[in-house]
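These values consider heavy atoms only, across backbone and side chains, with no hydrogens, waters or symmetry-generated copies. Letters go in sequence order (proteins before strands), and every chain restarts at 1.
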2 protein chains.
Amino acid sequence: MVDAPHRKTLPRLDESLLTHLPPFSRLEKRQIRVILDQASSRRYDEGVAIFEEAHPAERFYMLLDGYVRVIRITPNGEQITALHIPAGQLLGMARAIGRDTYPATAMTASESLVLSWPMHLWDSFIRDYDGFATETYKTVGQRLGEVHNRVIEMATQQVEQRVANALLRLINQTGRKVETGIEIDFPITRQDLSELTATTLHTVSRVLSGWEKRGVVESKRKRITVRDPHALMVLSQG
Amino acid sequence: MVDAPHRKTLPRLDESLLTHLPPFSRLEKRQIRVILDQASSRRYDEGVAIFEEAHPAERFYMLLDGYVRVIRITPNGEQITALHIPAGQLLGMARAIGRDTYPATAMTASESLVLSWPMHLWDSFIRDYDGFATETYKTVGQRLGEVHNRVIEMATQQVEQRVANALLRLINQTGRKVETGIEIDFPITRQDLSELTATTLHTVSRVLSGWEKRGVVESKRKRITVRDPHALMVLSQG
DNA sequence: TTGGGAGTTTGTTCCAGAGCAAATTGCGAT
DNA sequence: ATCGCAATTTGCTCTGGAACAAACTCCCAA
């Protein structure tokens, strides 16, 4: 795949990769070196599972570049996206929450670069690295909060508001300024958006068409640009 | 309030209170003594807030007896129950997830007995007490899983299935055997159930009436008995 | 350059369940 | 006892958005 102009070149594997990331930010260069030497690094294509729900949690991961969706598959085969994870976060820390299988599937939403470590290192990371535990649990807490918000949203808001909210969250996390507005920095389909908002791709399509007519957004296939974030905020309120 | 026959007498404040609870189970009697001496204990009536969303997180809590609902209030004033917390769990551990305000409101679903400690003790609890951190985070992880499940449910299931699921969860957590089946061990209204399942009390009422006719449940005001849990499981599937 | 598949749009139908309204039942307080 | 309120039940109407169907558009690969 050729790098699109908006995609950062994939970083090389050196200390500077981790030093600015919260879970490692308090560590010395020497410690980071050790951590990197224990890591495997791997590039994933878009739409590939990094790990799958219910499988034994053998490794934990750090997403260096790209985006990941955390999904669950229902008995009837539909898949629901619970969370979007931006680069710089840990992933699959089953151990942190006392599990030995992954609680959900992690699927790349764009081409991604990922480090991973065998799970048996988890305890020593927690023990040896200052701030690692704190930051990890902060992350878990944030995710709990986000999922919590999803529940509220789905319980109380209409589809249009939910889509607006989802879009706002996406441009916050992964927005990139372009001349006509803010573009979502990775390929996203109507289908993806419908899984995020618990509706159908048809409805999402209609909603977006409507907004496009009113000049709120602009979209080509797999790509959405928000022209008027403020209008979206209004829409998201009800 | 007069103790109903099914309510355990409220426990006295001695070591045995905590020794069997996971976050403290690995501690010595001496340590538990210290912990108890630092605690305040308080009884709450039904339907009272223990702490409120967005307020400064000054204390953390252990629910010794009773049940607590974790709720959020929406801009339009509706309240949504995200979680039910049974006795024996910690509550309001904002610190654990790196926050200094409570992320949600905790409201008693029945008369409850609660211990609490000032939040500044949190770090020392984590540091000094073996297993406390692990168990805490296991709890946070479980809650993340539960909320996650709620999202899936709300996204993919019909109201009847959701109500069936909610009822099943409730009897698992707090069921009490009676001669006609399993009764939910605390007062619960149609309204409560509708907040749990993101529907209206009207619809819940209709659903329950239907089930009552078919002999699946039996209910008086604020009290529900499941006569045929198996039928409920079938209903919950779809 | 052309065919095919993935992604998208749009039209139409239909129904679960929300909203509104009103009656009924039971419990607790005086 | 009985009044008053809270909880529940039930009927009726109305609508958001799902479900089904079909056409269209873009992109890529041969």
Side-chain angles (χ1 to χ4, degrees), chain A residues 1-2 4 45-47 74 76-80 109-110 153-167 184 186-214 217-225 235 238, chain B residues 1-2 4 45-47 74 76-80 109-111 153-164 166-167 184 186-214 217-225 235 238:
Chain A
M1 182 198 256
V2 178
D45 281 332
E46 182 190 327
T74 69
N76 352 329
E78 308 163 78
Q79 65 182 53
I80 303 292
S110 70
E153 249 185 57
M154 293 178 44
T156 60
Q157 304 192 320
Q158 315 260 100
V159 169
E160 186 169 61
Q161 303 172 47
R162 300 209 299 270
V163 177
N165 269 126
L167 232 43
I184 292 170
F186 63 93
I188 184 163
T189 65
R190 309 288 187 261
Q191 175 69 40
D192 293 336
L193 217 36
S194 76
E195 284 168 15
L196 265 173
T197 50
T199 177
T200 60
L201 78 159
H202 308 271
T203 301
V204 170
S205 178
R206 276 179 248 268
V207 168
L208 287 182
S209 298
W211 291 347
E212 185 132 29
K213 279 200 192 82
R214 289 193 267 154
V217 302
E218 208 173 278
S219 71
K220 324 190 214 333
R221 64 165 37 194
K222 289 201 174 198
R223 204 143 285 283
I224 301 175
T225 308
L235 284 164
Chain B
M1 183 198 251
V2 177
D45 281 333
E46 182 189 327
T74 69
N76 351 330
E78 311 162 76
Q79 63 182 52
I80 302 292
S110 69
E111 190 192 2
E153 246 185 63
M154 291 179 43
T156 61
Q157 303 194 319
Q158 314 261 100
V159 169
E160 185 169 61
Q161 303 172 46
R162 299 209 299 271
V163 177
L167 232 41
I184 292 169
F186 63 92
I188 184 163
T189 65
R190 308 287 187 265
Q191 175 70 41
D192 293 337
L193 218 36
S194 75
E195 284 168 14
L196 265 173
T197 50
T199 178
T200 60
L201 79 161
H202 308 272
T203 301
V204 170
S205 178
R206 278 179 248 269
V207 167
L208 287 182
S209 297
W211 291 347
E212 184 132 28
K213 280 202 191 76
R214 291 193 267 153
V217 302
E218 205 172 282
S219 70
K220 323 188 215 332
R221 66 165 38 193
K222 290 201 174 198
R223 204 143 283 287
I224 300 175
T225 308
L235 284 164

[atom1] of [X] versus [atom2] of [N]: gap in Å, rounded?
X	N	atom1	atom2	result
A/Gln191	D/dA19	CD	P	12 Å
B/Lys222	C/dC27	NZ	C1'	10 Å
B/Arg190	D/dA6	CZ	C1'	13 Å
A/Glu46	D/dC27	CD	C1'	14 Å
A/Met154	C/dA18	CE	C1'	17 Å
B/Gln157	C/dG17	CD	C1'	16 Å
A/Arg223	D/dC27	CZ	P	12 Å
A/Leu201	D/dA22	CG	C1'	14 Å

Practice task
Would you mind telling me which residue lines up with the more 5' stretch of DNA chain D, A/Glu160 or A/Lys220, judged by nearest nucleotide?
Solution key: A/Glu160
Check this one for me: any side-chain N or O of [X] less than 4.0 Å away from OP1 or OP2 of [N]?
X	N	answer
B/Thr203	C/dG17	no
B/Thr199	C/dG17	no
B/Ser209	D/dT10	yes

Handout entry: Heavy-atom check, side chain of A/Lys222 versus side chain of A/Thr189, under 4.5 Å
Key = yes
Handout entry: Note, B/Trp211 side chain near B/Leu167 side chain (heavy atom, < 4.5 Å)
Key = yes
Regarding [X], tell me which of base, sugar-phosphate or nothing describes its non-hydrogen contacts under 4.0 Å with the strands shown.
X	result
B/Ser205	base
B/Thr200	sugar-phosphate
A/Arg221	base

Handout entry: Base D/dT8 paired with B/His202 side chain (donor-acceptor, <3.5 Å)
Key = no
Handout entry: No-H, no-angle donor-acceptor pair, B/Arg206 side chain to D/dG11 base, under 3.5 Å
Key =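 Yes, a donor-acceptor pair under 3.5 Å.
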Handout entry: With A/Leu193, the side-chain contact (heavy atoms from CB on, under 4.5 Å) member among A/Leu201, A/Val207, A/Thr199, A/Val204
Key =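 Passing option: A/Val204.
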Handout entry: Check: A/Glu153 main-chain N/O paired with A/Arg162 side-chain donor or acceptor under 3.5 Å
Key = no
Exercise for the section: Give the C-alpha distance, both sets of side-chain angles, the deciding distance and a yes or no for side-chain contact (heavy atoms from CB on, under 4.5 Å) between B/Arg214 and B/Leu235. Expected result: CA-CA 12 Å; B/Arg214 291 193 267 153; B/Leu235 284 164; 4.2 Å; yes
